[in-house]
Amino acid sequence: MADEQLSAASIWTEKYRPLEWDQIVGQKPVVERLRAFVAAGRLPHLLFAGPPGCGKSTAALVLAHKLFGQHWRANFLETNASDERGIATIRVKIKDFARTRAVAGPFKLIFLDEADALTAEAQAALRRIMETYASSCRFCLSVNYSNRIIPAIQSRCATLRFRALTTNDIAARLTSIAQHEGLDITEAGLNAICEQAEGDMRKAINILQAAASVSKSVTDSAVYAVAAAARPEEIRNMLEAALAGKLHEARKLLLELLLGRGMSGEDIIRSINREAWTLDVSDKVRARILSLTGEYGWRVDAGGEPSIQISALLAQLALLE
Amino acid sequence: MLVERWRPKRSHELAGLDSVVHDAMRWLSGWKRGCSALLLYGPPGCGKTVLARVMATDTSRDMISINEADDIRAIIGATTQTSLVPKQRLVLVNDVDAMIIEDKSIVSELISAISRSRWPIILTAIDPWDPAMKPLRQHCVMLEVRPIATSMIARRLKEVASAEKIAASPQLLQAAAATAAGDMRAGLNYLELLAAGADGAELSALDKARNPFELLSTLFKGTSMAVARHALDEADMDIDGIFSWIDANILNEWQEPNQAAAAFELLSRADFMRRQNSDIAKAILSEFALLKGKGGWTRYNIPEKQTMLRAFRNMTAENDATTARLAPLLHCSKAKIRSEYIPYGLHKVAKAV
């Protein structure tokens, strides 16, 4: 297992990742700014804000390619804030990277993805790191919402707002991939993917690839089957157990989702929100479920411990009906 | 510190460890470049680190001690470089199991260090049976260090007490040895407290503060908020530990849905405050006293998260390894791999062509 080679080339999100500015869809203003920066050979620190799967990482990669050409690997550091064990390890990585001079260029580029995963204290440390290395490095931070970034960092960055992709943007891209891969995709199948993807190109392409691995002809029912299979059934079982007052069982399923599947609290809340629409309950109860999910989802978002906050939600659900 | 001052320096001072010392020394004398590392495992304070230090002293080696995961890379350098100093060395990596829980990639780094090292490497662990450690175990000679017998700890405490002129009755020393429960370091620390004027009641209070079951029963069945607050302040547990014990046991105390919901709501509100202000969080937790737990004794369980994490680690180990390697290839976080790729089975597509 450990010796096995992994390659991402056969995963379509990677295989069809844009390499040129023109291939990035739906982000015209952002692409124009970035092109201008490259043309001028000057770059401020950047803050990319936008929903998942709209092209932030891709834009950073294209930017690196365009700035550094064949030397892009030597001059580009990509690190993910949600994977690192705190600001200390990020600092070490950046220090190691920034120690050597840029190859054939005035500066290096550091892309810090999911920077909103950093606490305010960690961001304060990041601000100092940015200052320390500003002469040799440019930082590009990516977040879902820019308000999660402390003002001291925001003021040092040019903020570029990415927008959720439209159905047309996604459908066009899917059609072209389907053509390349020799797939037969129906209009309804295309619409079904767009509906499931909610403006997220990564999700759209993943659903397409998962459906295509079952059959070369992609229909709406194939898409729904794939999307349903991808949804952990524990979510539904957990909600049903809680509604039936079986809290021990509901909590066991919750811990399985958190620890066994490694889902984040936010993921689980989002899935509960989606699953609530298909539960066999009255609309009055459904409305309560959704509003309670909103309340506890907010507490999770604000830094609450997922197992505690979602347990509290489940205990409230046990009181319904 | 007594623990420092009375740490055994030579192997003949390691009472009760004779056979372990013998086996460890035989490993060391037979060690050549490319040989296995020595993995000493056993509970805290049983003498793992002391044994390693003594081995270095007895064989006149310099000891390089590593405590931080981040320093592993440094030892690879330290153990492969030819040093100008002719003195022999011994490398000690402490609590390797705890490091691996934080970062699994350390396993492969250690294995490569072991096979290339110029100097013998000793690892210590409390629990070496974690599935994540399996590949590492294959590169180690395993040696168990058992908890130290209470009589042995008592004898040592007596010896130290008389040498240090600490006035403590034999009964008190015996009690301290028993409370230490096989942990020599704890025993010497208790002695330090006795030297500072602590009495038997204080030792047993300490024992109690370490006991989360006591805390839960005081908190849940408490008579007043003040009593609950006191128990929270006295608990020898950090705020995160307190939360995970309460989280795991609310349903054991309150089965009735309205009470369970009220208890979880209370915990939820307190949790919400804990990062901002742990004092306020504790004040909110004191309200558990008002919920009135059930009469009589409740069977509490240790936080499921600790036990389940272990069970699941095995199950998810393969996915975890794939996840960690796919994340950089797909330019996203491990969480994204888990939520956006694995549910669609796409991680299987990535296996080499």
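Reminder, nothing fancy here: chain letters follow the sequence lines and each chain counts from 1.
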*Under 4.5 Å heavy-atom distance to chain B, tell me which part of Asp267(A) shows up: side chain, backbone, both or neither.*
side chain
*Under 3.5 Å, side chain of Arg17(A) to main-chain N/O of Leu330(B), donor-acceptor pair present?*
yes
_Which of Lys336(B), Gln276(B), Gln255(B) touches chain A most, by non-hydrogen pairs under 4.5 Å_ = Lys336(B)
*Between Phe264(B) and Ile308(A), which heavy-atom pair has the shortest distance, and what is it?*
CD2-O, 4.4 Å
*Evaluate whether atom NZ of Lys294(B) has more than 12 neighbouring non-hydrogen atoms of other residues, nucleotides or ligands under 6.0 angstrom away.*
yes
*Which pair of heavy atoms, one from Ala261(B) and one from Leu319(A), lies closest together, and at what distance?*
CB-CD1, 3.5 Å
_Proximity breakdown for Leu61(A) and chain B, heavy-atom pairs closer than 4.5 Å_ = side chain
*If you count the non-hydrogen atoms of other residues, nucleotides and ligands that lie under 6.0 Å from NZ in Lys292(B), is the total more than 12?*
yes
*Roughly how far, to the nearest 0.5 Å, is CD of Gln316(A) from OG of Ser268(B)?*
9.0 Å
*asked:* Distance check, rounded to the nearest 0.5 Å: Leu346(B) atom CG versus Ile207(A) atom CD1?
replied: 10.0 Å
*asked:* Quick one: does any side-chain atom of Ser333(B) pair with a main-chain N or O of Asn80(A) as donor and acceptor, under 3.5 Å?
replied: no
*Just do the salt bridge (charged side-chain N to carboxylate O under 4.0 Å, His left out) check on Glu114(A) and Lys334(B) with the steps written out, would you?*
CA-CA 11 Å; Glu114(A) 299 191 30; Lys334(B) 289 185 251 181; over 6 Å; no
*asked:* Do Asp247(B) and Arg251(A) have side chains that approach each other closer than 4.5 Å (heavy atoms only, starting at C-beta)?
replied: yes
*Is the count of non-hydrogen atoms from other residues, nucleotides or ligands lying under 6.0 Å from Arg288(A) atom CZ greater than 12?*
no
*Interatomic distance, Ser311(A) atom OG to Leu267(B) atom CG [nearest 0.5 angstrom]*: 8.5 Å
*chain A contact via Ala262(B) - which portion, at a heavy-atom distance below 4.5 Å*: neither
*4.5 Å side-chain heavy-atom contact, Arg202(A) and Cys332(B)*: yes
*Hey, is CZ on Arg274(A) packed in by over 12 heavy atoms from elsewhere, all under 6.0 Å?*
yes
_Side chain / backbone / both / neither for Ser57(A) at chain B, heavy atoms under 4.5 Å_ = side chain
*What part of Tyr296(A) gets closer than 4.5 Å to chain B, counting heavy atoms only: side chain, backbone, both or neither?*
side chain
_Pairwise distance CG(Leu329(B)) to CD1(Ile11(A)) - rounded to 0.5 angstrom_ = 8.5 Å
*asked:* Can you see whether Gln309(A) engages Asp271(B) through a side-chain donor-acceptor pair at a distance of less than 3.5 angstrom?
replied: yes
*Out of curiosity, Glu340(B) CD to Asp200(A) CG, how far, rounded to the nearest 0.5 Å?*
6.0 Å
